[in-house]
Structure formats: structure tokens, C-alpha cells
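Notes follow the structure.
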Amino acid sequence: MRMWELATRASPTLSLRNAAMPFMEGVHDVVGHHVQLGVLDGDEALFLERLTAPGAIVNYTRIAGRLPLHASSSGLVLLAHGPAGRALPSQLEELHGPG
């Protein structure tokens, strides 16, 4: 347990989470649905925080969990606002077929 506490205090994601939390809470209050903080890690979204909402649709993300970019709303936002040409051709072909 002590090692976990030490790692948590040294984590750079903790300061990002703390900076984002007031904004996430504001969005959560307005929309009344799940709100999550995800960051780009290779071809995946890594989820750092999540605020849940009772009665909202099922959400499969977990804190410290990962999903392929094309498989989550956060991942799609990261793709849309990331560097041009960052689309994942194999996943797009899988979703839409060749061409």
C-alpha cells in the first residue's frame, strides 16, 4: 500500500487530473452523463478519470483502462483533433469496408 501511495504522489497524470477536475465537474453538472478524461497513448485512449451519472447509458471505460481510439468517444475526439493524417486505416477499413 505504501508503494502505491508513493507512486500516486509522483504521477504526472495526477496534476493533469487535478487541473481537469473542475472542468469535468462543470460538464458533468450540465450534461448529466458520464464524463471522462482520456489521453492519447499510441493507438489507444488511456483513461485517467471518470465521473459517472446514475441512469446514464452503459460506459465500459475504467480509470487506468485503455480502449482503441476508434472504439470510444474520447478516442474519436483525440483522432479528430490530433495531427492531420492520424486516422487508423486498418480500423477504418474494418468499420466501413475497403475504399
Could you give the distance from [atom1] ([X]) to [atom2] ([Y]), rounded to the nearest 0.5 Å?
X: L79; Y: D43; atom1: CG; atom2: CG; value: 8.5 Å
X: H28; Y: H33; atom1: NE2; atom2: NE2; value: 9.5 Å
X: R17; Y: L37; atom1: CZ; atom2: CG; value: 9.0 Å
X: L46; Y: T61; atom1: CG; atom2: OG1; value: 11.0 Å

- Pairs satisfying side-chain hydrogen bond (donor to acceptor under 3.5 Å, both in side chains), at least one member in residues 72-82, at least two apart: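 Sorted pair list: Q36-S74.
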
Treat each ILVMFWY residue as a node, draw an edge where side-chain heavy atoms are under 4.5 Å apart, and state whether [X] and [Y] are in one component.
X: M24; Y: L16; answer: yes
X: I63; Y: V27; answer: no
X: M21; Y: V35; answer: yes

- Item | salt bridge (Lys or Arg N to Asp or Glu O under 4.0 Å) pairs, two or more places apart, involving residues 51-66 |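 Every pair satisfying salt bridge (Lys or Arg N to Asp or Glu O under 4.0 Å) with a residue in residues 51-66: D41-R66, E44-R66.
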
- Task: Enumerate the residue pairs fulfilling salt bridge (Lys or Arg N to Asp or Glu O under 4.0 Å) with a member in residues 27-36, sequence neighbours excluded, ordered by first and then second residue.
- Result: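 Applying salt bridge (Lys or Arg N to Asp or Glu O under 4.0 Å) to every pair that reaches into residues 27-36, excluding sequence neighbours, yields nothing.
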
- Query: Ignoring hydrogens and geometry, is there a side-chain-to-backbone donor-acceptor pair from H70 to G75 under 3.5 Å?
  - Reply: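 Flag not set: sc H70 to bb G75 has no pair under 3.5 Å.
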
- Message: Taking side-chain contact (heavy atoms from CB on, under 4.5 Å) as the definition, give me every residue that meets it alongside A71, ordered by chain and number, with sequence neighbours left out.
- Response: P68

- Taking ILVMFWY side chains as joined if any heavy atoms are under 4.5 angstrom apart, and letting links pass through other members, which residues group with F47?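 Hydrophobic cluster check, F47: joined to L67.
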
- Message: If the condition is salt bridge (charged side-chain N to carboxylate O under 4.0 Å, His left out), which residues does R50 pass it with, not counting sequence neighbours?
- Response: none

- Message: For a quick test of reading the model, state the closest non-hydrogen atom pair linking L69 to A45 and the distance between them.
- Response: CD2-N, 3.7 Å

